[in-house]
Amino acid sequence: MPLYLNDDQTMLRDTAKDFVASEAPVAHMRALRDADDATGFSRPLWKQFAEMGFTGILIPEGEGGLGLGHVEAGILLEEIGRNLTPSPFLATAVAAVEALKGTAAAAIWYPSILSGETVAALAIDEGAKHNGKIAMQAQRSGNGFRLTGAKQFVTHGHVADLLLVAAKTENGTTLFAVPSDASGLSATPERLADSGIAARLQFDGVEVDADAVIGEVDQGDGPLARLLAAGRTGASAEMVGVGGGAMDMTVAYLRERKQFGVAIGSFQALQHRAAHLYSEMEVARAAVLKAQQLLDAGQDATEAVAVAKAMTGLATTLAVQEGVQMHGGIGMTDEYDIGFFMKRARVLAEMFGDSNFHANALAEAAGY
Amino acid sequence: MAEDLDTFRAETRTWLEENCPPEMRTPPKSEKDATWGGRNPEYQHPDQKLWLDRMAARGWTVPDWPKAYGGGGLSPAETKILREELKRIKARNPLNSFGISMLGPALLKYGTEEQKLEHLPKIARGEIRWCQGYSEPNAGSDLAGLQTSAEDKGDHFLVNGQKVWTSYADKADWIFCLVRSDKTVKQAGISFLLFDMASPGVSTKPILLISGNSPFCETFFDNVEVPKGNLLGTLNRGWDVAKYLLGHEREMISGFGLGGAGKDPLVEAARAGVDPILRAQIALFQVRAKAFAAMSEKFIDELKAGQAHPAQPSMMKYYGTELNKTRHELQMAAGGSDALEWDSEASHEGAAARGWLRTKANSIEGGTSEIQLNIIAKRILDLPS
């Protein structure tokens, strides 16, 4: 499979580009923030995503979805990143859909995800740094389980309809699909630096039925691995969009902005930094496409996914830092958009493990 | 189609198993272990010749060239499979050759049928070793400022001047050379000549480098007579050929950051134990190296599909060579005093230190990193002059 987009994928990219830029440009995010919107995203926009078929992008055709792959999901995520669109797309249509795939729980949740009624949130982190450690306990109780513990950094966790929760069971890890109205569950929404909202969740003996188990009891590592691979790759694609958007804004500014009587983009000091940034972003983009294609081919993508997440973290951080710096004073103002890119990049870099986490994982896999 | 490719893979695998000598499936111990061919080939091991001859007989030293020119006539998909299968058994490169990586593509694009038939099969079989006459003492990064002159003498050109940084000029049989055929204009007065290094008036002198080796030479031309038929492309339009060839040279150099087949010495060193700070630096380097490997694959796929931006080799060259310098700095740090030994047996004659020093030339030769960044800024990012 060649490492570039085929004709169908290029068509989808054009559609996604137009759709996201017209329906949810950066101004959309700014308006939500300025209104201090308590949801953190637009439900009507999410309905539009459903009408376009995007909520079912990874759901098999036989179950009503588009039956496409991670490359296609990533095409949409890149545009979401480029426009800084607040959206439950990554958690719901990518990570949750992948976790549910092939399990009995899919039949329960796919229809309402497809219709845009269900928004999912991922309750997998328990500390400030993503590390895969799970302290939350799920004890057998009657026909089901009782969940006790806490999770944090759950994007849209205060308004989601469905929570995917990883917990320790007797002989392993189990992944649960928990309806948000389960009793004993409380959510504290916190606004983040990028003006998005993530919740701290408290589970005080939350009772769930046996059919809340995704896959098999004690066998949660499989669906959790699918969730993480999809989430990491998807976040990487979104970061390519954020970094690419920041770079495009910056390069345009270098062409227009005049100092000392000439466009600042004619200065070699800035040209070289811009060219270096371009190189880093291209390399990151290739790493993401590699991971997406391996996932779609059903091959082992563990290393490629770690490389993609780590590399996009490095490249996008550079893109937003250079973006603000090269814009000069105006780059520091709230009125100008470039600062939003810096904030969003930081949040995405932290999500599902940052560059250091994934570099460390590579080192361990290589035996050092 | 897919079934044909499966068959091709199976047959290729069988053939390689039977024909690649075991010695050629071990990593080269030093630079000398590479096979360069030529009129006076130097082999460290008889299997080098065996491996070259067997691959050349199938046209697999240049698998995607047409069969008429000594190639394998393979499709892009088949070529990719062959490369994968070679990598799978960790096979050594059967032939290192500037003829293959640089001149060949330019001959295929700009050569007359006669020139192609004369030169390409010999390149494919490793019979003629080529060197490149580009840089001059006052024309390095400003390559088009070159002064080596070619006077029109009716049936031949009379070439006078000097080249520098001519890689392996002292070992090469023929040279592809940029000459000034019109002194009144800069880029539009350059021509591209091919000639025999044994021609009267050609002399070379090695330049000792900081690595203690001399891959580079000064090359002098004193009234060298070059037949008119040895002009590649159009008179005074050699700059087009030169730029096309530079793109291929940059592609070749950009591969340096990837590390060879087989064990990664950096990972081996890290496994043997390094402090946590160095471990972290190595891990972050691996992120970039593996991402760049994906970029290289993407770039090659795009090239084959005609989708690559013409200035993209500049990005590949820039990134690959900077990455390679970082790799060798880290290898030196991981190796400690062992890596500093200059000519001991244990250090394979100072392979680590000499390799480290050699990489410092990567970001200078073939156009400096700064020149590549200029090209990216102007031709890809469209920044103003």
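Just so it is clear: chains get the letters A, B, ... in the order the sequence lines come, proteins before strands, and each one is counted from 1. Note that the structure is a prediction, hence the values are computed from the model and not measured.
- Interface with chain B: from residues 360-368 of chain A, residues Asn360(A), Leu362(A), Ala363(A), Glu364(A), Ala366(A), Gly367(A), Tyr368(A) qualify, criterion being any non-hydrogen pair under 4.5 Å.
- Side-chain atoms of Met332(B) and Leu340(B), non-hydrogen and from C-beta on, do get closer than 4.5 Å to each other.
- Here the side chains of Met351(A) and Glu238(A) are not in contact, with every heavy-atom distance at 4.5 Å or above.
- How far CD of Gln331(B) is from CG of Asp264(B): 7.0 Å, rounded to the nearest 0.5 Å.
- Remark: Lys109(B) qualifies as a cation-pi partner of Tyr244(B) under the 6.0 Å distance and 45° angle criteria applied to the six-membered ring.
- With chain A as partner, the option from Ile376(B), Ile375(B), Ile300(B) having the largest number of non-hydrogen pairs under 4.5 angstrom is Ile376(B).
- Asp296(A) places a side-chain N or O within donor-acceptor distance of the main-chain N or O of His70(A), the cut-off being under 3.5 Å.
- Residues of residues 262-287 of chain A having a heavy atom under 4.5 Å from any heavy atom of chain B, listed by number: Ala263(A), Gly265(A), Ser266(A), Gln268(A), Gln271(A), His272(A), Ala274(A), Ala275(A), His276(A), Tyr278(A), Ser279(A), Glu280(A), Glu282(A), Val283(A), Arg285(A), Ala286(A), Ala287(A).
- The residues Arg226(A) and Glu98(A) are annotated as not salt-bridged, no charged nitrogen and carboxylate oxygen being separated by less than 4.0 angstrom.
- Remark: Glu365(B) does not engage Lys317(B) in a salt bridge, criterion side-chain N to carboxylate O under 4.0 Å.
- With respect to Arg346(A) and Glu350(A), a salt bridge is recorded, a charged nitrogen being found less than 4.0 Å from a carboxylate O.
- Interface check for chain A: of the options Lys304(B), Glu322(B), Gln372(B), Glu302(B), the most heavy-atom pairs under 4.5 Å are formed by Glu302(B).
- Ionic pairing of Arg82(A) and Glu78(A) is present here: one or more N-O contacts between side-chain nitrogen and carboxylate oxygen are shorter than 4.0 angstrom.
- No side-chain heavy atom of Asn6(A) sits less than 4.5 Å from a side-chain heavy atom of Val71(A).
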